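A short worksheet on the structure shown next.
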2 protein chains.
Amino acid sequence: MTSSHRATIGDVARRAGVSKATVSFAYSGKRPVSEGTRQRIFESAESLGWTASESARALASSRTATIGLVIARRPEIISADPFFPRFIAGCEAVLAEAGMGLLLSVVTTEEDETAAYTRYAAGRVDGVILLDIKHGDRRPALMRALGLPAVMLAPTRPEPLLEDDGMTLPAVIAENATAIHELVGLLVEAGHHRIAHVSGPPHYVHATERRAAFTAAMTEHELDPSLVIEGDFTAASGQARTAELLDQVPRPTAIVYANDVMAVAGLSLARSRGLRIPEDLSLTGFDDSDLSGHLSPGLTSVSTRPDEVGATVVRTLLEALGGASGPVVRVEGPTVVLRGSIGPPPPPV
Amino acid sequence: MTSSHRATIGDVARRAGVSKATVSFAYSGKRPVSEGTRQRIFESAESLGWTASESARALASSRTATIGLVIARRPEIISADPFFPRFIAGCEAVLAEAGMGLLLSVVTTEEDETAAYTRYAAGRVDGVILLDIKHGDRRPALMRALGLPAVMLAPTRPEPLLEDDGMTLPAVIAENATAIHELVGLLVEAGHHRIAHVSGPPHYVHATERRAAFTAAMTEHELDPSLVIEGDFTAASGQARTAELLDQVPRPTAIVYANDVMAVAGLSLARSRGLRIPEDLSLTGFDDSDLSGHLSPGLTSVSTRPDEVGATVVRTLLEALGGASGPVVRVEGPTVVLRGSIGPPPPPV
DNA sequence: CTGAAAGCGCTTACAG
DNA sequence: CTGAAAGCGCTTACAG
């Protein structure tokens with residue numbers, strides 16, 4: 001209140017009658033400070049409304065207290081995916097506790113993606129989170145070139161991501177295969193034989209993992225595993241691929257979708273063709289969006305706990321920044337959420 | 001390549017045979033630099049792989065080149081709202097061009113919200129974007145207390161947001177009323193009389209604006225404007241409120257929802273009760289989510305161009321940071337997207 | 001058109 | 001338990 005400008009550590013030190021170093025140590029705890037001195041410092045800081053300048057701290061300590069996240073998807077697809085907001089909320093919970101922040105970019109081209117990481121590497125973040133890992137993903141190499149610490153989230157440790165020298169990036173593994181196996185098992189148990197899968201885009205590791213799990217599960221049950229058709233996670237593809245499947249003779253009695261949006265679009269299309277859900281057709285989604293639980297009937301889906309995943313990813317990154325070498329953490333698998341969209345198949349004609 | 005550590009402006013200056021000042025000016029353009037010198041500087045920088053440290057730049061120039069966005073909603077609701085990802089993408093487009101970044105927080109309590117803004121104010125951002133303005137919103141006062149420049153996005157300039165001294169925050173106005181009027185007009189034209197509205201939570205200015213527009217439009221057409229029922233933007237409320245409306249005798253022949261998710265949940269419920277869309281019931285949403293266009297039938301909705309809104313908001317904030325005083329920018333209103341979910345009402349019984 | 005130097009507000013060895 | 005001082009890597013008056 002004495003000055004119209006923002007207080008600095010010097011103002012606090014002067015008012016408390018100590019050195020700037022002592023003020024700094026009182027807050028960081030990196031050196032013991034006597035109780036009385038601490039009190040005076042905190043009081044001075046409070047009455048001056050002082051908080052340390054993050055810019056100055058960043059320059060002096062070479063730590064930005066910020067991590068970066070670059071999402072490389074079309075905005076429409078992000079908005080259809082309940083994963084991101086929950087994931088980010090999970091990240092934030094851990095970051096806020098550590099007094100850190102999240103720098104976010106949404107990009108659509110590889111060029112913009114590289115530009116974003118490059119800007120991040122210019123002293124903007126301490127490390128980054130790599131999502132949506134692709135087969136042969138170029139980002140691990142880019143991270144190394146930029147000297148940017150990173151942790152990746154992937155359904156399995158993808159072999160092509162091993163770096164040149166054999167070192168691997170820290171990773172959080174969140175597998176999806178088990179849930180797909182469970183879904184197929186439930187449908188088989190209910191009596192289904194012709195089960196189809198609408199997959200995600202094959203360049204994503206998580207999409208091919210779900211697809212491979214579907215094929216494996218069908219094979220295990222000695223059913224035809226070839227009813228797989230490629231979607232791209234959009235509502236448009238859910239609608240179009242479902243139309244193709246429903247045109248087949250005989251048509252599938254159940255469809256396992258790689259995400260909820262495609263499933264909801266498919267469900268709507270099936271209904272518009274006069275099919276009853278689940279009497280004529282069973283459907284399952286993936287991601288457990290808020291909408292799925294409140295459709296009529298509800299959409300059976302898979303909850304992936306994105307908030308826990310986000311929290312774990314950030315914790316892993318912070319450990320890696322702290323010097324822990326290449327930890328690989330596995331988070332608990334997703335769980336199936338059973339709702340009214342599945343039932344026994346219709347009686348054969 | 002000569003050193004294993006990151007190059008600094010000093011390294012570049014030495015290699016190019018100039019002073020650090022000249023390197024700085026060659027990049028900022030704030031002082032003329034001869035063409036030959038520029039070339040040598042850029043070459044030196046490139047061969048050293050130098051980019052200016054953002055931390056140092058921030059400290060020296062008192063500009064963080066970062067803006068902040070705090071979203072105070074439950075993650076489930078964010079994920080149901082196609083607005084945010086597109087809005088953020090729109091922000092990014094402008095920010096990236098300016099070499100700036102976006103710091104994002106997702107919070108659920110007022111306490112965490114305040115904490116987030118407080119951290120931002122500690123030299124983390126140059127300014128913030130205020131979304132989801134509420135009646136009597138406390139944030140303008142908070143921004144002033146923290147000395148944090150801000151721009152707000154609101155459907156109208158809300159009077160309670162005038163600051164104490166009569167100064168107002170810069171604002172971007174994106175009104176929704178016109179589109180609601182249009183929707184009601186379309187339904188009336190098709191022959192509907194009993195039209196209901198499922199609103200958003202009344203503390204939001206944008207929710208009450210849509211609601212008020214509905215009431216006004218109904219009154220204009222000399223129809224009963226009282227069929228308004230309060231939702232909260234979640235699928236659950238869309239389902240529950242629709243159930244209540246369908247239980248009324250006589251029941252409404254058309255429902256105008258304040259967002260798409262509620263409309264989709266409502267549509268699904270109506271169908272599960274054996275109602276045909278649009279023969280028995282017409283429905284409209286708001287936001288134009290990717291899903292809406294690919295349901296069968298499609299959901300008539302309102303496109304709000306969130307990307308343009310985001311870009312405009314950022315431009316307005318950057319102008320304000322540049323010294324322009326309290327600009328108020330109006331962005332083009334949203335447009336109705338007509339799809340199969342509306343038609344003539346069923347013949348009276 | 002260019003340079004030498006102060007300064008941004010912290011952190012952290014060094015010294016006591 | 002505490003202080004004086006150097007240093008983080010830039011930007012920007014001041015001077016020529």
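Below, chains carry the letters A, B, ... as their sequence lines are ordered, and counting in each starts from 1. This is a predicted model, so every value here is computed, not measured. Values below: every heavy atom of this structure, side chains too, minus hydrogens, waters and symmetry copies.
- Across all strands, A:Ala52 comes closer than 4.0 Å only to sugar-phosphate atoms, never to a base (heavy-atom distances).
- At the phosphate of C:dG3, OP1 or OP2 sits under 4.0 Å from a side-chain N or O atom of B:Ser19.
- For the residue pair A:Tyr117/A:Ser105, the side-chain donor-acceptor check at 3.5 Å is not satisfied.
- The distance between atom NZ of A:Lys20 and atom P of D:dC1, rounded to the nearest whole Å, is 23 Å.
- Between A:Phe87 and A:Phe83, the angle of the ring planes stays under 30°, which puts this pair in the parallel group of the 30/60° scheme.
- In this structure, B:Arg14 atom CZ and C:dG3 atom P are separated by 14 Å, rounded to whole Å.
- Side chain of A:Ser34, nearest nucleotide from D:dC10, D:dT2, D:dG3: D:dT2.
- Toward the 5′ end of DNA chain C lies the nearest nucleotide of B:Arg40, the other residue of the pair B:Arg40 and B:Ser62 mapping further downstream.
- Under 4.0 angstrom from either OP1 or OP2 of C:dT2 there lies at least one side-chain N or O belonging to B:Thr37.
- Backbone-only contact: B:Ser53 has heavy atoms under 4.0 Å from sugar-phosphate atoms and none from a base.
- What separates CD of B:Gln39 from C1' of C:dC1 is a distance of 16 Å, to the nearest Å.
- The partner of D:dA4 cannot be assigned: no Watson-Crick or G-U wobble pair with both contacts below 3.5 Å exists in any strand.
- Straight-line distance from the CZ atom of A:Arg124 to the P atom of D:dC10: 14 Å, rounded to whole Å.
- In this structure, A:Lys30 atom NZ and D:dC1 atom C1' are separated by 18 Å, rounded to whole Å.
- No contact: B:Gly36 has no heavy atom under 4.0 Å from any strand.
- Between the CZ atom of A:Arg38 and the C1' atom of D:dT2 there is a distance of 15 Å, rounded to whole Å.
- Taking atom CD1 on B:Ile41 and atom P on C:dC1, their separation rounds to 13 Å, with Å as the unit.
- In this entry D:dA13 has no Watson-Crick or G-U wobble partner, no candidate having both defining distances under 3.5 Å.
- When distances are taken from the side chain of A:Arg57 to each of D:dG9, D:dT12, C:dC10, the shortest belongs to C:dC10.
- Side-chain atoms of B:Ser53 and B:Arg6 include no donor-acceptor pair closer than 3.5 Å.
- Among C:dT2, C:dG7, C:dG9, the nucleotide with an atom closest to any side-chain atom of A:Leu59 is C:dG9.
- Applying the 4.0 Å criterion to OP1 and OP2 of D:dG3, one finds that A:Thr22 has a side-chain N or O inside that range.
- Candidate nucleotides C:dA13, C:dG3, C:dT2 were compared by shortest atom distance to the side chain of A:Phe25, and C:dA13 ranks first.
- Checked by distance alone, A:Arg31 brings no side-chain donor or acceptor within 3.5 Å of a matching partner on the base of C:dT12.
- The nearest pair of heavy atoms linking A:Arg86 to A:Pro306 is CB-CB, 3.7 Å.
- With ring centers used as reference points, B:Trp50 lies 6.0 Å or more from B:Phe42.
- At the phosphate of D:dC10, neither OP1 nor OP2 sits under 4.0 Å from any side-chain N or O atom of B:Ser55.
- The cationic group of B:Arg73 lies under 6.0 Å from the six-membered ring centre of B:Tyr204 and within 45° of the ring axis, placing it in a cation-pi geometry.
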